[in-house]
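Worksheet: one structure, shown below.
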There are 2 protein chains.
Amino acid sequence: MKYEVGRMRIGELSERTNTSRRLLRYYEEQELIIPARCANGYRDYDERLVDRVMQIRGLLDAGLPTRIIKQILPCLDKPRIIHFADATPEMIATLELERDRMTKRIRCLTRNRDALADYLDAVRDDNRPGSATGADDSPA
Amino acid sequence: MKYEVGRMRIGELSERTNTSRRLLRYYEEQELIIPARCANGYRDYDERLVDRVMQIRGLLDAGLPTRIIKQILPCLDKPRIIHFADATPEMIATLELERDRMTKRIRCLTRNRDALADYLDAVRDDNRPGSATGADDSPA
DNA sequence: TCAAACCTTCACATGAATGTGACGGCCAAC
DNA sequence: GTTGGCCGTCACATTCATGTGAAGGTTTGA
């Protein structure tokens with residue numbers, strides 16, 4: 001089997017995305033990615049799917065279910081190649097809802113991340129020379 | 001049973017946080033919240049737990065597992081009441097790791113949310129009077 | 001005193017994202 | 001032509017956040 005440049009089998013995609021083959025097949029089952037097939041039945045992935053898989057993993061990690069990812073992915077593809085075919089009013093409403101949910105998540109994460117960062121900064125300052133155990137010792 | 005102001009049983013907390021009683025008990029089992037107990041065995045929640053529960057739900061929804069939430073929650077409590085007792089080097093490393101993971105999530109969400117918002121704006125513009133199906137119809 | 005509406009614990013069920021392994025086909029190198 | 005390393009499907013196992021319901025105690029109000 002010869003492979004074109006920019007095309008790969010599941011093993012290479014797995015390595016390049018640090019994602020188990022099992023999961024790549026799962027994402028396909030969920031219709032997040034749709035690889036071509038070689039004559040022998042092997043999956044045949046385009047190089048661009050490397051980024052696509054990373055994007056999927058990022059969104060999954062941020063709490064989006066595959067069901068939603070599947071819906072928003074096509075809208076993110078090419079900035080201006082808009083798919084109007086599936087732009088039914090209900091679909092648009094769903095996407096708007098999801099956009100707002102993402103905004104909420106961003107706010108929640110930012111707030112808590114900042115608080116955590118503040119805590120870490122404070123703890124680091126405390127472990128400096130010239131500081132006691134950290135209890136209250138105000139210079140009376 | 002009389003209840004002090006600012007104290008409540010599981011039913012009220014459930015309503016005020018829009019969270020099932022089952023989940024409140026689950027969060028307790030995971031040691032995210034630790035309610036007091038009345039003489040009769042009923043859980044006795046402080047009013048401040050309303051916000052706490054919302055915070056937990058937000059973080060869960062953003063992809064954090066309860067295990068991690070349990071670790072970061074105490075650091076977020078009072079900005080300056082820092083718990084140095086549990087500030088072991090390993091714990092700090094864990095928190096830093098988690099802070100960075102949150103930053104990654106924020107970036108991923110922001111990028112995709114913005115792209116989704118752009119798509120929605122474009123679709124809305126397309127459904128304006130004076131526009132065809134969306135195909136190419138440049139004013140030749 | 002009885003009923004309704006709380007509360008308790010226990011336990012089994014589910015859906016989603018994953019892991020793991022069995023069993024077999026394809027292909028390249030020796 | 002056999003061996004090893006890919007690949008395919010199938011299927012069962014696990015973890016986590018949740019739902020659901022049973023069986024029983026407590027409180028409140030008619």
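Excluded from the calculations below are hydrogen atoms, water molecules and symmetry mates; all remaining heavy atoms, backbone and side chain alike, are included. In the text below, chain A, chain B and the rest are named by the order of the sequence lines, each starting its count at 1.
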To the nearest angstrom, the CD-P distance between A:E12 and D:dC6 comes to 12 Å
Whole-Å distance separating the CD1 atom of A:I10 from the C1' atom of D:dG8: 9 Å
Sequence-aligned protein contact record of nucleotides 9-21 of chain C, with B where the base is within under 4.0 Å of a protein heavy atom and S where only the sugar-phosphate is: B-B----SBBBB-
Restricting to salt bridge (charged side-chain N to carboxylate O under 4.0 Å, His left out), what partner residues turn up for B:E28, sequence neighbours left out? B:R37, B:R43
Protein-nucleotide distance (B:I56, atom CD1; D:dA17, atom C1'), rounded to Å: 13 Å
Between atom CG in B:L24 and atom P in D:dT18, what is the gap in whole Å? 11 Å
Non-neighbouring partners of B:D46 that pass side chain to side chain donor-acceptor pair (under 3.5 Å), sequence neighbours left out: B:R7, B:R48
Distance in angstrom units between B:D44 CG and D:dT26 C1', rounded: 15 Å
Ignoring hydrogens, what is the shortest heavy-atom contact between A:K70 and A:Q30? Give both atom names and the distance. CD-O, 3.6 Å
Test side-chain contact (heavy atoms from CB on, under 4.5 Å) applied to B:E96 - qualifying residues, sequence neighbours left out: A:L120, A:R124, B:I92, B:R99
By side-chain contact (heavy atoms from CB on, under 4.5 Å), which residues pair with B:S14, not counting sequence neighbours? B:R21, B:L24
N or O in side chain of A:N40 less than 4.0 angstrom from D:dG8 OP1/OP2: no
A:Y42 has an atom OH; how far is it from atom P of D:dT9, in whole Å? 11 Å
d(CG, B:L32; C1', D:dC16) in whole Å: 13 Å
Of all residues at least two apart in sequence or in a different chain, which pass the salt bridge (charged side-chain N to carboxylate O under 4.0 Å, His left out) check with A:D61? B:R101, B:R105
Length of the CD1-P vector between B:I69 and D:dC16, whole Å: 13 Å
